[in-house]
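Below is one structure, written out as structure tokens; comments come after it.
Counting begins at 1 with the first residue of the sequence.
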Amino acid sequence: MKKIIIMAAVAALYCFSACTQKGDEVTLQVKTQYGVLEGFEEDGVKKFLGVPFAQAPVGELRWKAPQPVQAWEGVREAKTFGNDPMQLDIFGDMQFRGPGRSEDCLYLNIWTTAKTAADALPVLIYFNGGGLIAGSGSEPRYDGSAIAKEGVIGVTANYREGVFGFFAHPELTAASDYKGSGNYGYLDQVAAIKWVKENIAAFGGNPDRITIVGESAGSFSVSLLMCSPLSKDMIAGAMLSSGAEVMPNKPLTQAEADSAGARLLKWAGIASIADARTIDADSLEKAFPPVGMSRLVLDGLFMTESADAVFERGEQAQVPLLAGWNSLEGTPMQMLRGQAPTLQNYKNAMKAQFGDMTDEIFEAYGITTDEDVVGQNGFDLASDLFTGFPTWKVCDYHAKSGLPVYRYHYMHPRPQVSEKMGDKTAALAGGVREKTAEEKKAEAQQPAIAPGAVHSADIEYAMGTLDTNEFYDWQEEDYAISNLFLTYYANFCKTGNPNGKGLPQWTAITKENLDAAPVMKIDVESKELASPEKENAYRTLEKFYRSKIQL
């Protein structure tokens with residue numbers, strides 16, 4: 001009898017184990033906390049697209065914090081992208097895969113190769129760039145298929161942009177339970193992270209191994225998500241690509257944001273928030289200017305103080321950081337505005353900003369001759385004033401906190417525009433556009449400059465999505481660089497360290513090596529370099545900002 005009982009127990013245990021394994025299998029139907037999603041498989045990757053992570057922020061939910069998504073009955077198809085966020089055609093070359101633009105845009109997308117929930121794969125969540133006024137998680141350059149094949153679940157998530165995501169107003173502030181307004185796009189990002197943390201295990205992901213990454217406005221967002229009390233404890237790693245919301249950027253108080261919002265509403269000829277909520281999204285979009293509403297607001301919920309204050313105390317997310325920017329984020333010609341690229345003209349152009357520190361800053365950057373203006377040193381200064389310096393400063397803050405920082409400088413230019421594109425030129429968001437008559441004339445007059453990586457040029461390389469961009473004549477070296485960059489990304493998501501077998505060694509910046517910080521130069525021949533001179537240039541620029549800005 002005892003033997004029979006033991007055998008029955010073993011059989012029951014076997015059945016439980018087998019049923020559990022079968023139940024934990026990641027199929028094309030996945031049960032989330034809100035209902036069952038049905039995706040599809042393509043080239044070995046399971047894709048779940050257009051997944052709602054919050055209620056549609058329409059009607060009375062316009063200009064309110066995102067609300068939890070409502071559960072659904074039956075099986076919901078997740079085979080096409082959701083709507084892209086409302087936006088004007090600020091960047092005419094952006095490519096989207098959503099069915100259209102709508103306020104109903106709070107959707108995310110998941111790419112996974114997990115076989116079972118027990119795989120517990122690391123997760124990457126990518127927040128798109130676009131100045132907080134444009135862009136979408138449906139853009140092909142952010143596609144998660146390639147990183148999924150590296151054993152990392154890829155996720156992209158939309159957030160409200162422009163007037164829908166970053167508009168503050170006294171009426172909105174008074175009506176909210178936290179007495180704040182203006183950071184709705186950032187709160188959407190928090191909601192997306194929370195949804196992933198609560199549901200990704202069903203897709204074979206590890207909710208304790210979430211890394212967030214963004215480029216440009218997405219990078220600025222990630223730096224804030226590292227500091228916000230709502231999100232900093234939900235992530236295991238962070239990656240910044242060209243930008244951070246620290247000095248010289250300064251947030252608005254709620255009162256300042258409310259005042260600006262009241263002026264904007266009056267300028268648009270709208271009497272009240274109640275009236276504004278009755279206006280259709282397209283008309284409202286056109287009623288407001290596309291810029292001027294995207295500065296961080298100290299709303300008492302997402303952020304109560306500046307990111308600088310949080311980083312200064314070392315109270316940001318205690319996670320590894322991988323961050324960098326591109327070699328041609330900006331150019332001296334943008335500052336010169338048609339003047340000849342001489343040392344004196346460059347200094348004159350910058351004196352309005354740097355004042356009596358102009359000579360000291362130029363010397364620190366090694367810009368001492370006319371040739372330096374159109375050389376790498378001249379471009380370094382212009383790039384740092386755009387995105388380089390704040391990204392450097394976050395790295396500096398983070399390393400001083402005793403946390404590992406892997407910094408890169410992306411050097412490789414995109415190849416030539418494909419011949420099939422005709423006489424077109426590269427545009428800011430990765431596509432192409434027609435050359436203007438002024439540009440053709442300027443090309444003939446401008447001196448030759450060293451090629452480099454312009455703003456946003458790193459995205460397709462880092463995410464392994466070169467083939468989604470048909471505008472450029474990709475070469476073998478481009479694919480080699482992309483494979484390296486993608487592998488660094490994947491390794492960092494898995495372990496918090498980008499290094500791996502066969503890769504150029506990448507040393508972390510720590511408190512001990514700040515004065516000669518190791519930086520990975522990503523190019524055809526990637527290698528790690530340290531430059532005390534460059535660190536001194538950043539320190540000099542920091543000295544200037546600290547003298548002018550109350551942090």
Side-chain angles (χ1 to χ4, degrees), residues 122-125 193 197 206 208-214 219-247 249 303-325 384 388-409 488-500 503-521 528-532 534-543 545-546 551:
V123 183
L124 174 148
I125 305 177
I193 298 172
K197 191 166 184 66
N206 183 350
D208 295 323
R209 192 73 242 169
I210 295 172
T211 297
I212 56 174
V213 61
S219 185
F220 280 77
S221 299
V222 168
S223 70
L224 293 174
L225 293 165
M226 292 174 68
C227 296
S228 172
L230 302 181
S231 51
K232 67 179 183 179
D233 295 328
M234 291 196 291
I235 62 174
M239 297 194 287
L240 305 179
S241 171
S242 302
E245 191 68 23
V246 294
M247 68 170 81
N249 303 295
M303 292 288 283
T304 60
E305 58 186 338
S306 70
D308 283 286
V310 177
F311 277 112
E312 287 269 15
R313 295 197 305 272
E315 294 178 358
Q316 72 277 12
Q318 302 297 291
V319 300
L321 173 66
L322 187 154
W325 61 97
D384 289 347
F389 176 79
T391 314
W392 169 85
K393 187 56 201 171
V394 166
C395 294
D396 185 58
Y397 278 138
H398 211 60
K400 286 179 177 177
S401 299
L403 298 160
V405 175
Y406 297 91
R407 199 171 95 210
Y408 69 84
H409 200 201
Y488 277 142
Y489 259 35
N491 289 349
F492 185 81
C493 291
K494 294 173 183 176
T495 67
N497 185 327
N499 288 293
L503 303 177
Q505 181 63 29
W506 193 344
T507 305
I509 301 173
T510 65
K511 288 188 287 188
E512 287 71 35
N513 61 13
L514 277 173
D515 290 337
V519 178
M520 179 59 68
K521 300 285 186 177
E528 183 182 288
L529 297 173
S531 173
K534 291 295 183 186
E535 300 307 311
N536 178 63
Y538 302 135
R539 296 283 174 210
T540 305
L541 205 52
E542 179 182 13
K543 173 185 171 183
Y545 287 132
R546 286 191 180 276
L551 298 175

Verify, without hydrogens or angle tests, whether [X] (side chain) and [Y] (backbone) share a donor-acceptor contact under 3.5 angstrom.
| X | Y | value |
| --- | --- | --- |
| Thr495 | Asn491 | yes |
| Asp515 | Glu535 | no |
| Ser219 | Leu240 | no |
| Trp506 | Arg407 | yes |
| Asn499 | Gln505 | no |

State, yes or no, whether a side-chain contact exists between [X] and [Y] at a heavy-atom distance under 4.5 Å.
| X | Y | answer |
| --- | --- | --- |
| Asn206 | Pro122 | no |
| Asn497 | Pro404 | no |
| Leu514 | Ile509 | yes |
| Asp308 | Glu245 | no |
| Val394 | Phe311 | yes |
| Leu529 | His409 | no |

Nearest 0.5 Å, please: how far is [atom2] in [Y] from [atom1] in [X]?
| X | Y | atom1 | atom2 | value |
| --- | --- | --- | --- | --- |
| Ser241 | Tyr489 | OG | OH | 5.0 Å |
| His398 | Ser223 | NE2 | OG | 11.5 Å |
| Cys493 | Leu322 | SG | CG | 9.0 Å |
| Asp384 | Tyr538 | CG | OH | 5.0 Å |
| Thr507 | Met520 | OG1 | CE | 7.5 Å |
| Met226 | Leu403 | CE | CG | 8.0 Å |

Do you know which two heavy atoms are closest between [X] and [Y], and how far apart they sit?
| X | Y | result |
| --- | --- | --- |
| Pro518 | Asn513 | CD-ND2, 3.5 Å |
| Ala399 | Lys511 | O-CG, 3.1 Å |
| Gly243 | Phe220 | CA-CE1, 3.3 Å |
| Leu503 | Pro498 | CD1-O, 3.7 Å |
| Ser242 | Thr391 | C-OG1, 3.9 Å |
| Met247 | Tyr397 | CE-OH, 3.5 Å |

| task | Kindly indicate, with the supporting measurements, whether the criterion ring pair (Phe, Tyr, Trp, His ring centres under 6.0 Å) is fulfilled by Tyr545 and Phe389. | result | CA-CA 10 Å; Tyr545 287 132; Phe389 176 79; 5.0 Å; yes
| message | Under a 4.0 Å threshold between the charged nitrogen and the carboxylate oxygen, would Asp396 count as salt-bridged to Arg539? | response | yes
Show me the donor-acceptor pairs, under 3.5 Å and distance only, between side chains in residues 231-239 and residues at least two apart or in other chains.
from	atom 1	to	atom 2	distance (Å)
Ser231	OG	Leu225	O	2.7
Lys232	NZ	Glu315	O	2.6

| query | Does the pair Arg313 and Glu305 meet the rule for a side chain to side chain contact (heavy atoms under 4.5 Å, CB included), with working shown? | reply | CA-CA 12 Å; Arg313 295 197 305 272; Glu305 58 186 338; 2.5 Å; yes
